[in-house]
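Remarks on the structure that follows.
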Amino acid sequence: MHLSKFPRLHIAHLPTPLEPLKRLSTELGGPNIWIKRDDCTGLAGGGNKTRKLEFLLADALEKGADIILTQGAVQSNHVRQTAAIAAKLGLACHVLLEHRIEDPDTDYRLNGNVMLDGLFGATIDYRPAGGDMNAELDSLADQLRADGRKPYAIPGGGSNEIGALGYADAALELLYQARNMDLKIDRVVHATGSAGTQAGLVAGLEATNSGVPVLGIGVRAPQEKQEANVLKLAQSTFRLLTDKEGVEASDVNANCNYVGPGYGLPTDSMVEAINMLAKLEGILLDPVYSGKGMAGLIDLIRQGALSSDENIVFIHTGGAQALPAYRSLFSAS
Ligand SMILES: *Cc1c(COP(=O)(O)O)cnc(C)c1O
């Protein structure tokens, strides 16, 4: 694996810290939990999309793009980070936001990430729920091309093999940090959505023969579909990295029991997880991804499904910028 052969910008604050969650580990009485602070990647408040965007925007610049397009839910963290990186590079940015959630309140529609998208100067258009958002993106790109522009369309979540390289690189970063701390990692756990984070991690951890398993906690799709999406992208990312075949179905594991009523919709266990991390560790999780991911980890530990002599690394993928959009769940009384 030779990551330097791919064009890349250096914008993220790396390496992100790897820290023990001592009070949470004691509270749960199970494995030692560590947290990899990818909520601290720097750009626009941080988050996992910045690692992907370093590779995607380098590709866009190589191709001479003058406008960046992407799509996501109204409270997409990916869209926020894309709007910010475009601003930093002096490129126009046009985003399509899907009204994925029914009857959102004013906080959800106007606060949090969507407010920040506007602040970073992105042009925002909305689409109804349930359409093919990547097809909408392609037709916007066609229109812009017809007008003489040079659009570069980034799929939802930045999840293609170029974006996933960011998480193959994160796997190397994590293994190097752990070695210097004499930390034997038994498992990596994180929230999985558009699949690029898990696909990149699996490809990187396989390409280095690390033997470290990854568990994705799903936030949207059912398990079978999520695992199929991750496997396909992990295989193509591995091929891009190594020119070989490598990832097997058994390398890809997702637990989708913590989605609750649907994408972006609250669950009691998510609210509990956000409160626990805030009150025990002074760390902000988010309601859509890392809160549900941590809720899954907490529940699996409580069930005794993870052995108490394990060292687990939870990757904090960011997202706290969406908390104001969910104000009613957390308001001080
Ligand atoms: C996008 C996102 C994820 C999921 O990452 P994918 O690569 O889309 O699977 C997890 N956490 C946060 C905060 C995110 O914004």
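When a ligand or atom number is given, it counts from 1 through the structure's own listing order. Being a predicted model, the structure only gives us computed values, none of them experimental. Side chains included, hydrogens not; waters and symmetry mates left out as well; all remaining heavy atoms used.
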(request) Report the residues that fulfil salt bridge (charged side-chain N to carboxylate O under 4.0 Å, His left out) with R100, sequence neighbours left out, ordered by chain and then residue number. (result) E98
(request) Sequence neighbours left out, what passes side-chain hydrogen bond (donor to acceptor under 3.5 Å, both in side chains) with T70? Give chain and number order. (result) H78
(request) Output yes when a side-chain donor or acceptor of Q198 lies under 3.5 Å from a complementary backbone atom of N253, and no otherwise. (result) yes
(request) Could you tell me whether a side-chain N or O of D66 sits under 3.5 Å from a main-chain N or O of K150, the two making a donor and an acceptor? (result) yes
For ligand 1, list all ligand N or O to protein N or O distances below 3.5 Å, rounded to 0.1 Å.
{"residue": "ligand 1", "atom": "5 (O)", "partner": "N48", "partner atom": "ND2", "Å": "3.1"}
{"residue": "ligand 1", "atom": "5 (O)", "partner": "T197", "partner atom": "OG1", "Å": "3.3"}
{"residue": "ligand 1", "atom": "7 (O)", "partner": "K52", "partner atom": "NZ", "Å": "2.6"}
{"residue": "ligand 1", "atom": "7 (O)", "partner": "G196", "partner atom": "N", "Å": "3.4"}
{"residue": "ligand 1", "atom": "7 (O)", "partner": "T197", "partner atom": "N", "Å": "2.9"}
{"residue": "ligand 1", "atom": "7 (O)", "partner": "T197", "partner atom": "OG1", "Å": "2.7"}
{"residue": "ligand 1", "atom": "8 (O)", "partner": "S194", "partner atom": "N", "Å": "2.8"}
{"residue": "ligand 1", "atom": "8 (O)", "partner": "S194", "partner atom": "OG", "Å": "2.5"}
{"residue": "ligand 1", "atom": "9 (O)", "partner": "G193", "partner atom": "N", "Å": "2.7"}
{"residue": "ligand 1", "atom": "9 (O)", "partner": "S194", "partner atom": "N", "Å": "3.2"}
{"residue": "ligand 1", "atom": "9 (O)", "partner": "A195", "partner atom": "N", "Å": "2.9"}
{"residue": "ligand 1", "atom": "11 (N)", "partner": "T317", "partner atom": "OG1", "Å": "2.6"}
{"residue": "ligand 1", "atom": "15 (O)", "partner": "K49", "partner atom": "NZ", "Å": "2.9"}
{"residue": "ligand 1", "atom": "15 (O)", "partner": "N77", "partner atom": "ND2", "Å": "3.0"}

(message) Going by side-chain hydrogen bond (donor to acceptor under 3.5 Å, both in side chains), name the residues that satisfy it together with R179, two or more places apart in sequence or in a different chain.
(response) none
(request) May I ask you to decide if the ring planes of F6 and F55 are parallel, tilted or perpendicular, using 30° and 60° as cut-offs? (result) perpendicular
